[in-house]
Every structure is written in C-alpha cells, then in structure tokens.
Amino acid sequence: TLARPTGGARFPFPFSPYRIQEEFMAALYRALEAGGVGIFESPTGTGKSLSLICGALAWLRDCEERKRQDEARLLQEPEQRDRESSPGGAPDPAAGEPAWVAEFVQGKAARDRADRAKEEQIKRKKREERLEKIRHNVQLKYASKRKKCEDDETERLLQLSKEILSKEAGSDVLEQLDHNEEELILAEYESDEEKKVGAGLDEDDDDLEEEHVTKIYYCSRTHSQLSQFVHEVQKSPFGKETRLVSLGSRQSLCVNEEVRRLGAVQLINDRCMELQKNKHEKKNEGEETAGKRRRVSRAVCPFYSYEQMQFLRDEVLVDVKDIEQLVTMGKKTKACPYYGSRYAIPAAQLVVLPYQMLLHESTRNASGIKLKDQVVIIDEAHNLIDTITCIYSAEVSGSQLCCAYSQLLQYMERYRKRLKAKNLMYIKQILYLLERFVSVLGGNVNQNPNTQSISQAGTELESINDFLFQSQIDNINLFKVPLTFSILLCQLFGFVERYGAPTAVKTNKENQKTTGLQNFLLTLQQGPEKEDPEIDQLKMASPLMHIEGFLSALTNANQDGRVILNRQGTVSQSSLKFLLLNPAVHFAKVVKECRAVIIAGVWLCLNKALLLSACLSTGHVIPPENILPIILCSGPSNQQLEFTYQKRDQPQMMDEAGRILCNLCNVVPGGVVCFFPSYEYEKQVYTHWEGTGLLTRLATKKKIFQEPKRANQVEQVLAEYAKCIKRCSQVGGHMTGALLFSVVGGKMSEGINFSDDLGRCVVMVGMPYPNIKSPELQEKMAWLDKTMPKTAGQAPSRMLIENLCMKAVNQSIGRAIRHQKDFASILLLDHRYARPAVFNKLPQWIKERTLIKTGFGQAFAELRKVSVTSSQCTLHMETPTKDPFPFMHSSSP
C-alpha cells in the first residue's frame, strides 16, 4: 500500500495505514527534511515502530535519489563549462582580477567536486557489485568458509608439532614461561600529542573506506526492543533493499565460548582486549632478531580473523539480520560478530544500536560511529534523561579502590627495574590518587577494607572542585590520567590473571613478590555474607575500569555534577559516586553533529521551549468506547482514597483498596493487573489482606499471582498467569481469571504486553512518588530550582517529582491496550489524580476519555456496563494472535 499524505511523499506500507500513522509519517518526513530536533509522542499499540521505519526509510530513499541526481549533474558540469568557456583577459571590476582567473578558480572547484563525486560513485558501484555477487552466487558465498576450514586444519597440525617439540624440550619450558612474562611489561607511553592512536585492522584498511552514506541511527533501551524493531524492518516493504547492521556489546555478540563463560561484562571486555593484544604481538614476533629467545605461543581469539570478518561484514549488508542471527552467522563463518558488525557501519543505511553505545561519547568513538550530518532516532525516549544521567555517572567502592591499589603496587614492585621512567611516574600518580580517595572515605589503603571501621558514617555531597581540594589532587591533570588507564588495563589484567587467583599461591622464592596480592584478594572474598557469584567474579576482575570512569566523570564542569561520599560501617562498604546533574551538556554534542534528531516515545515530558523542527502528539487507533479510565476518589465505604506515605499504612486504607478489588473481580472477566508503589508496600498489603481473610475472598474469583523480585522467575510467573486465564475462559465456572500483583517500576511495568484477556483491567494503587529524602534527588531538585525558571508558578523541583511519578504511572497503565480491537478499563485509586497539575500529565488519548468519580457506586456502574459489553464482544472477536504468551514480545511500553 502507498500512503500519500500531503506534501507529495509516498510511504510504502505493509497494509492500509491508519490516519494517525499517515500523519506520523508525514510529520516525520518533514522533520527529517528540515533538520533539527523533532519530538513525536505516540500511544502504545498504534504501530509507532512501523511508522518510524516506513517514514524514515522513505525519506532516506528520496535523499539517496537526490544525491544520485546531484552526482550526475556534477559530472556533467565540467564538460559544459569547458564547452561554454571562452578566452578573455578583461579585468573584473567587481573582483579586481582578470575574468580568466576567476573562471579558472571556479572551474577547478567544479572539477574537484566532480572528482569526489566520481570517486564515491566508483566505490558505491564496487560495493554494490560485491554484495550482488554474494547475494546470488552460492559458491562464492561459502568459498571463504571452506578456506577457513583449511586454515583451521593447518593451524591444528602446527599446534600438534609445537606440542611434540615442547615435550622434547623438557627442562627449558619453565624458563620460557618466565621469559614470557615480558608481555606484562608496560610499553612506552605516548600522549595524544606524541602519537595518534589508530583504530581498526592493520591490513587493507583502504578496502574498509566506503563512500559517504547517509545513515539513520536507530537506538532503543534494550536488545529485545532492538530485535523487535529489526523484525519489523524485515516485514516492512523496505526489508529486502535496506542495508542494516545491528550493534551490541561484547557480552551479546561474543562467539568465543571460553570468553563467554566469564559471564561478567568487564571480564569479557578485558579478556577480549588481551586476546587482541596477543594477536597483534604474534604478527610482530617474526620481526624479532634471531638471537632473541623464542617466546611461548599465547592464546589468540580464533574468531578475530580479518578475512572472515570481511566476509561477515558483507553477509550483514546483504540481508537484514538481528543480533541473534548475527551471532549464528558468526559461529558458522568463524568470524567475530562484534568487530564484523562494526566494519559494516560505513556502508550501512540503517544502524540499530543500544542507547549507551550512541549516547556515551567514548563508546561512540571507539565503535566507529560518526554522526556528522546523519540522522538519529531515539525510541522509547521517556528513558532518555535517566539513561544519559546513568551512563555519565560513576561509582567506586572502598574495596575496589583498595584492590586496585594493591594490584598496581604489586605490579610496580615486580617490574620496577624494567619500566620506563615516564611509565613509573604515571603509575605512582595513579597510586597517589587511589590512596587519597581511600583516605577521604576515612580508610587506609594498606589495611584490609573489610575490617577497617568508619568513625563518622553518613552521606556527604560536594561540588567537584571542593572534592578535588579535599582529596588534595587539585594539582593533577585529570584529563590526561584516564589515557594511562587504557594502556594499563590489558597489562594489569594479564598480571592479575597470572598471579591474582588465590588457588595459584605457591611457596617458591620466585613467587614471593606476588603472594601479597594473592593473599589480599583472598581476604576480599572472605566477607561476612555470601554474595552473588557474578559479584565475586567482578571482585576478581581489575577494578581499574570503574576507577577510570570515576576519574573521567571528575572532568565535567563544576556546576554540572556532584560527588557523593557515602561512608558506611567499613571502608569496603563505603563508596564515592559522581552524580551528573546536567545531562543536556552531553546530549547537546549529539544534536550539534547530526542533521536531525528524532525523539519518539509513548509519553514524553520534555521542555517544549526547545527549538524544535517538529512536535507531534498523536491519538490512538482504538475507538473511544474500548477504554474506560476512571479516577476514583473514594471507596465503597466512602473512605477517601489518599495513599500518601503518612496514610497508606492505615488498616482502613488497605481494607478499602481490598473491597474495591473484590468488587472488580466479581464483574471483570479475564486478567486484572494491580500495581503497587513498591515491593515493600505490596508485601505489607498482601500480609494484611491475608490476616483479614480478604485474600481468600479474592481467590474465589481470581487466582492470585505476585510479581517476583528475581528477573529469572518473571517468565515462569507470566506463563502460569496466562495459562490460568486461558483455562478459565475455556472451562468456565466460578473462577473467572487471574489477579496479578505488580510493582510500579518493577519487572512487569515496562516491556510486557497484557493484551486482550491478559489485562481487561489495570488498577493503580496510590501515586508512586520517588523518595524525596534521597540525597541524590534532593541535589537534583536544588540544582533545578537554581538553574531553571518556574513554570505556571510551579517550582522546577516540584515538576520533576510529579514528572517522575506520572512517567511511572503512564508506563504501567499502558500495558493493557496493545492493538485496535483491544479493550480495557483503567482505575486510578487516589483522589490526587484529579488535581489539574497531575491530571494534565496523563497521555492525551487517556486524559480525554477519563471519568472522575467521587463515589464508588457511579464508578462501579460504569465498570459493570463496560464489562458486560466487553464480554459479549469477546465471544464474537477473533483472537489477534495465536501466541500463548504474547506479553513476551513487546517492542514498546
């Protein structure tokens, strides 16, 4: 279907689009054409992802067509200019120079533009021919795979020969292992002024250089949301012709099982970098003089192969693949998907990646992402501010600081005589920083952090400058220190890997210098409580990466952040945290580089005073009668509903909420989802209802389920919840479905679909305001009041609190309506929802249909009326999906 909205653009669509989808695509097209920032609000269940795909890729198609026309015109211009030019030496009175000089300069500029256009055209044709061959020639497609198998067999035979030789060498093996320790010596450090560190592969770099391709960078919060988006692209009319690449972390894309088994992200990253270093050093071993002693071969990653990653790059560009398909292809071709996907970026049209990879500047640069004159689409943008704040904040614990100090000190003492003077100076500088950080927390780096007590426990907030003065490190250039960390990380990882494991402690004289490190790391594991295995793994990893992040955070402007000194019990439990207060400074860098930035989401509370090229808030595709939102001010016994922190613990308030649920379960078929402000309050109410017998009454109509705290149990609970509802609808009887107790901001308030019978009614108990006593939140509120003006007489800090609350509410109540034929009721249990300042923060499509009921009788009559009508409709409705657990495939909250 071709949608033809005003403006002349055509949007291929897999089916006849709704009117709001046509409006969305037309507004998106205009925003991309104009450039700048566009904000697009669209309710859940309205096909936002598909509208983004078809609108944006239609613009990209037209943009590329215009680019080809411009290229053709540029290539013709020099010829026309040569034909039209005539000799002449008359001076130009305006410019003060002869006409032939001006003509020559203009002609040269035109020829230069034509040469660049010709060069890009050649590169594009070369890439298109290569991909076309791979797409249609099966023999060529798998030739690289066969060659890899031959190389593996050769490598296996060589390894076998080495093993035989090593057995014959016998006594020389130990000496070689000791000499192999040379790799842990820190190489000569050169600053950016002395050396420009190049990224990428050493071989055939010219082949990786592609013509300039206009790109759309699409980012969302989770890998599951990105995979869902890729599947939508595959099903769209653009699925066959779009060059799409999915980017992800090493944890998601690594196919080396030995590395994947490490589990923790930091360990995987460290090990990957170590294997790369070995690979590059192995290349240079042949250049060593014959007089040098032969080194023992070190482990390298078998998937880090230039030739195979080139092949994987082309495979990625031929067909649209999500991350799972990319990993499968990497295993088949024995090529690294993490680096193979990066090499596909230059030629790609659509790059799909997580928030963090695009918004974090150093990660963006390391990944080869260039935003100059490109388009960025940020979906699920209600999390945008929180994400930027999170990725630019950093925290280090006292145990991490002491562990890093011990590791680095042992490393320096062992290799002091082999280190260059400059490197020794940098290591001592880092040791001094670590010592001062522990001292500020009230500890001593030379003592066990688990046993050092803190005399003055509490939380203290300081500006960046005050913290630097208090730590006595204000004379150190913190902009340069993190550069040293990047070089140290690999060496220190290898050092800790070799000597840090407690099980590897030996008693011979050779290892006496490292037993201190082993014993120290062993004491860190002997804490009073049994911790999670992944946390134990992280403790054994080098903590320098966390410390590097903290030091980088301290380079922010003084007014943009605060340092939180959290002193608790012992040094090990204490921590230093940098809190970013102004995320705008980092997002501004993205906006400045891009041609256009599109911010899309379900509910966006952003500053409308921003200079925007477009701002669109669409309605919903469902008919008005399919949703019944009610604000209920009082319960069945006329008790006013006010679940404030002071009143919500009162027995009569919990009883009133229980009576409302009992009445609802009598008339609402299928599933009822009830959201509580916190896990603690949900547990308190559950225990109270259990004691009063109300829980037993609820269980006669609905089977009760509770949201688990552990993420790995969520899927099981949801599956049982869905099976119960399906069984009740088929069998009938007094049991009409299931009741699910959930928590706002928990595992089920975002990314889960409660469509159709899974969520015929959503109940929100109280208002989930954040903890205003939190030092971090108080600092943010104070900063906002100081830097932002009042809006409609309301302080910015108060607006922040209400926005955080209503964002959580809107996230939760949007779980039920997922498609055009869906229907549900929404019940907000608190009279404060009727206040204008709060009421206006509901999404427009909910707000315009919301009823405010002061008494329960009127609300119950409306609910009964809708429930009866809905039950009749359900009998004649065709189920929109045959998937027994549709809530597991959400693409947007």
> Would a 4.5 Å heavy-atom cut-off, applied to side chains only, mark Y343 and V316 as touching?
Replying inline: no
> Shortest non-hydrogen contact from G248 to H223?
Replying inline: CA-CE1, 3.7 Å
> Between I599 and A381, which heavy-atom pair has the shortest distance, and what is it?
Replying inline: CG2-CB, 3.2 Å
>> Quick check against the 3.5 Å criterion: does S227 have a side-chain atom that pairs as donor or acceptor with the backbone of S224?
In response: no
> Can you list the steps and then say if K48 with E380 is a salt bridge (Lys or Arg N to Asp or Glu O under 4.0 Å)?
Replying inline: CA-CA 10 Å; K48 172 168 58 71; E380 312 304 334; 3.7 Å; yes
> Backbone N or O of K321 within a donor-acceptor pair of the S246 side chain at under 3.5 Å?
Replying inline: yes
> Between atom CE of M806 and atom OH of Y833, what is the distance when rounded to the nearest 0.5 Å?
Replying inline: 6.0 Å
> In Å and rounded to the nearest 0.5 Å, what is the CG to SG distance from L247 to C219?
Replying inline: 11.0 Å
> Which atom names give the shortest non-hydrogen contact between L353 and V351, and what distance separates them?
Replying inline: CD2-O, 3.7 Å
>> If you define the side chain from C-beta out and look only at heavy atoms, does anything of I826 sit under 4.5 Å from T850?
In response: no
> Would you say the side-chain atoms of N810 pair up with the backbone N or O of K841, donor to acceptor, closer than 3.5 Å?
Replying inline: yes
> Stepwise, does the salt bridge (Lys or Arg N to Asp or Glu O under 4.0 Å) test hold for E23 with R19?
Replying inline: CA-CA 6 Å; E23 293 174 356; R19 181 182 57 81; 2.4 Å; yes
> Could you give the distance from SG (C54) to CD (E22), rounded to the nearest 0.5 Å?
Replying inline: 11.5 Å
> Is any side-chain heavy atom of W59 less than 4.5 Å from a side-chain heavy atom of L28?
Replying inline: no
> Side chains of K807 and D386: does their closest heavy-atom pair fall under 4.5 Å?
Replying inline: yes
>> Taking the side chain as everything from C-beta on, heavy atoms only, tell me whether Y339 gets closer than 4.5 Å to R250.
In response: yes
>> So L371 and R364, do their side chains get closer than 4.5 Å, heavy atoms only?
In response: yes
> Is a donor on one side and an acceptor on the other found under 3.5 Å between the side chain of Y355 and the backbone of I388?
Replying inline: no
> With no hydrogens and no angle check, do the side chains of E315 and T333 hold a donor and an acceptor under 3.5 Å apart?
Replying inline: no
> P12 versus R61: any side-chain heavy-atom pair under 4.5 Å?
Replying inline: yes
> Between K589 and V585, which heavy-atom pair has the shortest distance, and what is it?
Replying inline: CG-O, 3.7 Å
>> To the nearest 0.5 Å, what is the distance between CE on M329 and CD on E324?
In response: 14.0 Å
> Under the side-chain contact (heavy atoms from CB on, under 4.5 Å) criterion, do Q21 and F13 qualify, and how do the steps go?
Replying inline: CA-CA 10 Å; Q21 290 175 322; F13 215 72; 3.7 Å; yes
>> For P843, is there any backbone N or O sitting under 3.5 Å from a side-chain donor or acceptor partner on E848?
In response: no
>> Does I631 form a side-chain contact (heavy atoms from CB on, under 4.5 Å) with F839? I'd like the steps, not just the answer.
In response: CA-CA 9 Å; I631 295 174; F839 181 78; 3.6 Å; yes
> In terms of ring plane angle, is the pair Y218 and F229 parallel, tilted or perpendicular, where the classes change at 30° and 60°?
Replying inline: parallel
>> Walk me through whether F40 and D379 qualify under side-chain contact (heavy atoms from CB on, under 4.5 Å).
In response: CA-CA 9 Å; F40 289 77; D379 203 358; over 6 Å; no
> Above 12 or not: heavy atoms from other molecules or residues under 6.0 Å from CZ of R68?
Replying inline: yes
> Is a donor on one side and an acceptor on the other found under 3.5 Å between the side chain of R313 and the backbone of A344?
Replying inline: no
> Looking only at atom types and distance, does a side-chain atom of Q325 sit under 3.5 Å from a main-chain N or O of D322, one as donor and one as acceptor?
Replying inline: yes
>> Parallel, tilted or perpendicular: which one describes the rings of Y392 and H586, with boundaries at 30° and 60°?
In response: parallel
>> For a quick test of reading the model, state the closest non-hydrogen atom pair linking A348 to V245 and the distance between them.
In response: CB-CG1, 3.6 Å
> Side chain of T242, backbone of L244: donor and acceptor closer than 3.5 Å?
Replying inline: no
>> Looking at K847, I'd like to know if its NZ atom is crowded, meaning that more than 12 non-hydrogen atoms belonging to other residues, nucleotides or ligands lie closer than 6.0 Å.
In response: yes
>> Between M764 and S812, is there a side-chain heavy-atom distance shorter than 4.5 Å?
In response: yes
> Judged by atom type as modelled, is there a donor-acceptor pair below 3.5 Å linking the side chain of Q234 to the main-chain atoms of V320?
Replying inline: yes
>> Would you compute the distance between atom CD1 of I377 and atom CG of L358 and round it to the nearest 0.5 angstrom?
In response: 11.5 Å
> Nearest 0.5 Å, what's the NZ-CG distance between K215 and L60?
Replying inline: 10.0 Å
> Between P768 and V809, what is the shortest heavy-atom contact and its length?
Replying inline: CD-CG2, 3.5 Å
>> Run Q374 and I369 through side-chain contact (heavy atoms from CB on, under 4.5 Å) and show every step you take.
In response: CA-CA 10 Å; Q374 307 290 22; I369 296 168; over 6 Å; no
>> Tell me if a side-chain donor or acceptor on Q349 pairs with a main-chain N or O of R243 at a distance below 3.5 Å.
In response: yes
